[in-house]
Amino acid sequence: MENCLFCKIIKGEIPSSKVYEDDEMLIFKDIAPQAKIHYLLVLKEHFANICEMTESQAIILARCLKKLSGMVDELGLQNGFRLVSNKGADACQSVEHLHIHILGGEKLSEKMA
Ligand code: 5GP
Ligand code: ZN
């Protein structure tokens with residue numbers, strides 16, 4: 001997608017601090033971290049949010065989350081982590097390319113909002 005920030009990051013047109021990449025997903029550091037560890041997991045295929053996701057994209061997302069579950073130690077998340085995906089105005093989604101926030105590296109708030 002033209003003019004999509006995360007598509008540009010995926011293509012390498014905008015630099016990012018990558019922590020993992022394969023042919024289906026990229027995990028990189030959020031530029032404005034909201035926890036000691038704050039990564040963004042994006043699928044390489046562009047779609048705006050979970051409501052725009054096709055069945056086949058849902059299968060890819062599930063596979064990527066499964067891969068993430070095997071990488072928690074190397075990502076510094078062995079004590080736990082929180083996954084968040086914002087959709088729409090009420091959730092303050094600011095980038096219209098599905099992404100999963102991965103938060104951890106410290107004790108997080110008991111409140112989520
Ligand atoms: P949203 O608000 O859409 O759920 O999350 C978008 C996230 O993208 C925010 O946490 C924001 O800090 C992050 N972000 C925005 N622009 C950039 C950028 O250029 N590079 C990186 N690494 N993260 C970004
Ligand atoms: Zn995109």
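Note: hydrogens, waters and symmetry copies are ignored here, and every other heavy atom, side chains too, is used. Worth saying up front: this structure is predicted, and the values here are computed from it rather than measured. As the structure lists them, so they are numbered: ligands from 1, and atoms in each ligand from 1.
- In this structure the side chain of Ile50 reaches within 4.5 angstrom of the side chain of Leu98, judged on heavy atoms.
- Between His101 and His99, the distance from one ring center to the other falls under 6.0 angstrom.
- At a threshold of 4.5 Å between non-hydrogen side-chain atoms, the residues Lys44 and Glu21 count as touching.
- Residues forming a side chain to side chain contact (heavy atoms under 4.5 Å, CB included) with Leu108 (at least two apart in sequence, or on another chain): Ala35, Arg82, Leu103, Glu106.
- Chaining together hydrophobic side chains whose heavy atoms lie under 4.5 Å apart places Leu5 alongside Phe6, Ile9, Ile10, Ile14, Leu26, Phe28, Leu40, Val42, Val95.
- Side-chain contact between Lys8 and Asn3: present, with at least one pair of heavy atoms (C-beta onward) separated by less than 4.5 Å.
- The backbone N or O of Met71 lies less than 3.5 Å from no partner atom in the side chain of Glu74, so there is not a single donor-acceptor pair.
- Listed by chain and number, residues touching ligand 1 at under 4.0 Å (heavy atoms only) are Leu5, Phe6, Ile9, Phe28, Lys29, Asp30, Ile31, Ala32, Leu40, Asn86, Cys92, Gln93, Ser94, Val95, His99, His101.
- With a 4.5 Å cut-off on side-chain heavy atoms, Tyr20 and Lys67 count as touching.
- Contact annotation: the side chain of Val84 never approaches that of Ile100 to less than 4.5 Å [non-hydrogen atoms, C-beta and beyond].
- Of all protein N/O/S atoms, those lying under 2.8 Å from the Zn ion (ligand 2) come to 4.
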